[in-house]
Amino acid sequence: MFRAKIAQALLSIALIFGMLACSPSLNWRTVQAPEEGYSTLFPAKPDKLERNLPFQDQVIHQVLQAAKVGDDIYSVSSIHLVGKQAELLPKILEQLQNNVLNRAGVNLQNAVTQESYYRNANQQRMAAKSYFLEIPASEKNNATRQLMRVMWITGTVENDGVWIYQLTVLRIGASNEDPKTVLSNEAFSPFFEEFKLD
């Protein structure tokens, strides 16, 4: 159920933005998300979507901010786990990762990766991994080949549980481009490298 809701949320965002006319030019701006505990650069003004997702016997709150520029969708998904929910962190993170990686037919061990960085609440530079994925066209999910770069970050807030962040850039209708070559250039790197925990 949780997997289907996440997939539905990503598909909904893709469809909504697919109907909007956007300029392909990048207009980087810092987006503050104090309630979600982060700030980052978006190349256009993002839209915000909130929903509650069932997971086991819990209700998990997810906030998604996303912006579309040309054929590219930039999004940050935030999930806040409070109280005993924090014990679900490993299972929810694994579920999120599997939802994305399985679409590309890879796993954490054999996916193409690159070392990336973000800043923690003390402004220290922290290492993370960016995953570069190719999602083949299918009649059921998407009519064209897609490229994706995704990074997962977890953060602990003193006396306020833990956060799971999923940073994603999705290129819709990609040609025979190499995911890592395309999605590691300057049109995408600031979105990942300027992510900061508050």
Side-chain angles (χ1 to χ4, degrees), residues 1-14 16 30-42 46-67 73-104 106-111 113 115-131 133 135 141 148-170 191-198:
M1 182 63 129
F2 184 72
R3 178 182 303 171
K5 291 285 187 182
I6 291 289
Q8 184 181 21
L10 291 173
L11 180 60
S12 296
I13 288 292
I16 289 168
T30 299
V31 173
Q32 304 280 349
E35 292 180 359
E36 289 74 54
Y38 75 87
S39 65
T40 194
L41 287 180
F42 270 94
D47 287 323
K48 189 172 183 178
L49 172 71
E50 297 189 46
R51 58 176 39 200
N52 290 320
L53 304 171
F55 186 81
Q56 296 184 1
D57 60 346
Q58 300 286 319
V59 175
I60 307 300
H61 188 65
Q62 179 195 42
V63 178
L64 185 67
Q65 292 212 72
I73 298 173
Y74 300 70
S75 66
V76 178
S77 167
S78 310
I79 294 177
H80 190 197
L81 303 176
V82 295
K84 287 192 172 284
Q85 289 181 341
E87 298 171 6
L88 299 173
L89 172 64
K91 290 181 180 179
I92 292 176
L93 181 59
E94 180 183 22
Q95 184 72 65
L96 289 171
Q97 292 171 334
N98 287 341
N99 288 347
V100 172
L101 298 173
N102 288 346
R103 290 177 62 201
V106 296
N107 58 43
L108 288 174
Q109 289 70 42
N110 64 18
T113 63
E115 191 168 82
S116 299
Y117 296 92
Y118 69 97
R119 293 198 181 274
N120 66 11
N122 296 322
Q123 298 304 304
Q124 296 169 311
R125 200 165 177 243
M126 307 294 290
K129 273 188 182 177
S130 280
Y131 294 82
L133 310 172
I135 301 170
N141 296 323
M148 181 183 284
R149 177 177 176 181
V150 59
M151 184 167 78
W152 290 279
I153 296 168
T154 58
T156 303
V157 180
E158 189 175 346
N159 300 320
D160 195 27
V162 295
W163 286 92
I164 304 172
Y165 302 99
Q166 178 176 298
L167 286 69
T168 307
V169 172
L170 178 67
F191 176 70
F192 295 91
E193 294 171 2
E194 295 301 320
F195 185 85
K196 300 173 185 175
L197 299 180
D198 294 339

So, the side chain of [X] versus the backbone of [Y]: is there a donor-acceptor pair under 3.5 Å, distance only?
X	Y	answer
Thr168	Ser75	no
Asn98	Gln95	no
Asn120	Asn122	yes

Please examine the side chains of [Y] and [X], heavy atoms only from C-beta on, and report whether any two atoms are closer than 4.5 Å.
X	Y	result
Thr154	Val162	no
Met126	Tyr118	yes
Ile153	Trp163	no

Can you tell me how far the [atom1] atom of [X] sits from the [atom2] atom of [Y], to the nearest 0.5 Å?
X	Y	atom1	atom2	value
Gln62	Leu49	CD	CG	7.5 Å
Ile60	Ile92	CD1	CD1	4.0 Å
His61	Glu35	NE2	CD	8.5 Å
Arg103	Leu133	CZ	CG	9.5 Å
Gln124	Leu197	CD	CG	11.0 Å
Ser39	Arg119	OG	CZ	11.0 Å

Taking atom types as modelled, find out whether Glu36 and His80 have a side-chain donor-acceptor pair closer than 3.5 angstrom.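 Looking only at side-chain atoms, His80 and Glu36 do not form any donor-acceptor pair under 3.5 Å.
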So which heavy atom on [X] is nearest to which on [Y], and how close?
X	Y	answer
Leu88	Leu81	C-CD1, 4.4 Å
Gln65	Phe42	O-CZ, 3.7 Å
Pro34	Asp198	CA-OD2, 4.1 Å
Ile79	Leu96	CD1-CD1, 4.0 Å
Arg51	Leu53	CD-CD2, 3.7 Å
Phe192	Ser130	CD2-OG, 4.4 Å

Does CD belonging to Gln56 count more than 12 external heavy atoms closer than 6.0 Å?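 Counting other residues, nucleotides and ligands, CD of Gln56 exceeds 12 neighbours.
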Does NZ in Lys91 sit with more than 12 non-hydrogen atoms of other residues, nucleotides or ligands closer than 6.0 Å?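 Open.
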Picking from Tyr131, Phe195, Tyr165, what satisfies ring pair (Phe, Tyr, Trp, His ring centres under 6.0 Å) with Trp152?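 For Trp152, the ring pair (Phe, Tyr, Trp, His ring centres under 6.0 Å) test succeeds with only one of Tyr131, Phe195, Tyr165, which is Tyr131.
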